[in-house]
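What follows is a single structure, written as structure tokens, with notes after it.
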Amino acid sequence: MTMIQKPPRSPGSALPADPARPAGPGPHSPGRHESHAAVPLRDVHVRITDWFAESARDLPWREPSCSPWGILVSEVMLQQTPVVRVLPVWRDWLERWPSPAHLAAEPAGAAVRHWGRLGYPRRALRLHAAATAMVAGHHGEVPRTYEGLLSLPGVGTYTAAAVAAFAFGRRETVVDTNIRRVHARLFGGTALPAPALTAAETRRAVELLPDDDALSVRWNAGVMELGAVVCTARSPLCDACPVLDACAWVGAGRPAPDYVPKGQAWAGTDRQVRGAIVAVLRDADTPVPRSVLLEAPVDLGMGAGAVLVPDALSALHRLRAPAEQLDRALAGLLADGLAEEADGGLRLPG
DNA sequence: AACACGTGGAA
DNA sequence: TTTCCAAGTGT
């Protein structure tokens, strides 16, 4: 059963990216060309939010008791990192540092160390800097506005909107990769959104957002969830989709993507070397001499079982990275603040 | 605007 | 085995 929804604000214009949508002025007439099979936008709102209420995953940062800080931490950890890998690290962080002040009281290196292998450890650094900024300028609390959030290190347009919406119930236009994909298929009729966020996409997201604050929050969460678990990038589970009959992409016969995503190079990159170096520093109790990082261990011909080299270090050496690349990677880490010199060696900052 | 920036699981 | 991709941000 569906609730009576507050009528949407009268749209000043039709959805620009949907060619099937009437473009002219005149009375808004729900039921006509709202989407592929004439499903009114308000019905799409209801169906997706009802679906979300019924089948949303139980994630700890969605608990009503979760603090804004917990939500902010989750959003940063989830930037380019899957939920399943975030879960254990998020729990550890929130137990260890239940507020921004708790994290700010630690050296930045602690944040990087407990980031584990989530990837992009600079995010840990920025979360620490954000915590410090909140203590210095926001009474130790997470800012409640989009602008305040956006001013924090590591918080961009997506995260600022997401935290404002999910932590503070604000009506924000949240646009992430899941939402972009759902919008592209449901309203745009294409398999994938453009390689980069376009102004037209943002405009469409603004116009799709329900007027009601509470409904807008559930809409943002629901569309994101739909993209994450049903309208997935590779093999969408259309059978489980609450708006299948409204989908422009399905209506068009599921045309293939019209561009090829450019893969992320990895083997042999500086990123790989940086990652291997940070892994060594993360596991080290004391500063690691530069020579140990740069040089392959000398084979002393010792007997079997003499494990002198930690896993992370042997992994680094196995890369066989040219000395020049190691130097460059190290310099980059120092410049980024992910490492610092101490006692003739390198360590995490702090 | 295009790139750099980690990591590991699934296809 | 290789490629793709996951709740992006900063420069």
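Look at A/T159 and you won't find any side-chain N or O under 4.0 angstrom from OP1 or OP2 of C/dA7. Between A/R274 and the phosphate of B/dG6, there is a side-chain N or O to OP1/OP2 separation shorter than 4.0 Å. The side chain of A/Q80 contributes an N or O atom lying less than 4.0 Å from OP1 or OP2 of C/dG8. In terms of phosphate contacts, A/R181 brings no side-chain nitrogen or oxygen within less than 4.0 Å of OP1 or OP2 of C/dC5.
For A/R282, the CZ atom counts as densely surrounded, since its 6.0 Å shell holds more than 12 non-hydrogen atoms of other residues, nucleotides or ligands.
Where A/G154 and A/D176 meet DNA chain C, the nucleotide closest to each residue was compared, and A/D176 sits on the side nearer the 5' end.
If you check every strand for non-hydrogen atoms under 4.0 Å, A/R57 touches a base. Residue contacts for A/L118: at a heavy-atom cut-off of 4.0 Å it reaches a base atom on one of the strands shown. Heavy atoms of A/L150 sit nowhere under 4.0 angstrom from any nucleic acid atom. Counting any heavy atom pair closer than 4.0 Å across all strands shown, A/W61 reaches a base atom. A/G119 comes within 4.0 angstrom of a nucleotide base, judged by non-hydrogen atoms across all strands. Using a 4.0 Å heavy-atom cutoff across all strands shown, A/T177 reaches sugar-phosphate atoms only and no base atom. Within the nucleic acid shown, A/D270 comes within 4.0 Å of sugar-phosphate atoms alone, with no base atom in reach, counting heavy atoms only. Counting any heavy atom pair closer than 4.0 Å across all strands shown, A/V76 reaches no nucleic acid atom. A/A162 comes within 4.0 angstrom of no nucleic acid atom, judged by non-hydrogen atoms across all strands.
Side-chain proximity of A/A233 to the nucleotides C/dC5, C/dT9, B/dC5 is greatest for C/dC5. In this structure, the nucleotide among C/dG10, C/dC5, C/dA7 sitting nearest to the side chain of A/R126 is C/dG10. The A/R117 side chain lies nearest to B/dG8 when the options are B/dG6, C/dA7, B/dG8. In this structure, the nucleotide among C/dG10, B/dC5, C/dA7 sitting nearest to the side chain of A/Y120 is B/dC5.
Under the 30°/60° scheme for interplanar angles, the aromatic rings of A/W219 and A/H183 are found to lie parallel.
Note on A/R274 versus A/D270: no salt bridge recorded, every NZ/NE/NH1/NH2 to OD/OE distance being 4.0 Å or above. Ionic pairing of A/E225 and A/R62 is present here: one or more N-O contacts between side-chain nitrogen and carboxylate oxygen are shorter than 4.0 angstrom. Salt-bridge annotation for A/E324 and A/R328: present, with a side-chain N of the basic residue lying under 4.0 Å from a carboxylate O of the acidic one.
Nucleotides B/dC3 and C/dA7, compared at atom P, are 24 Å apart to the nearest Å. Look at the P atom in both C/dT9 and B/dG8: the space between them is 23 Å, to the nearest Å.
Nearest heavy atoms, A/P289 versus A/P287: CD-O, 3.5 Å.
Criterion: ILVMFWY side-chain heavy atoms under 4.5 Å apart, direct or through other members. Under it, A/L192 and A/V175 are not part of a common hydrophobic cluster.
Using a 4.5 Å heavy-atom threshold, the side chains of A/L326 and A/L293 count as separate.
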Every protein N/O lying under 3.5 Å from an N/O of nucleotides 9-11 of chain B:
{"residue": "B/dA11", "atom": "O4'", "partner": "A/R234", "partner atom": "NH1", "Å": "3.1"}

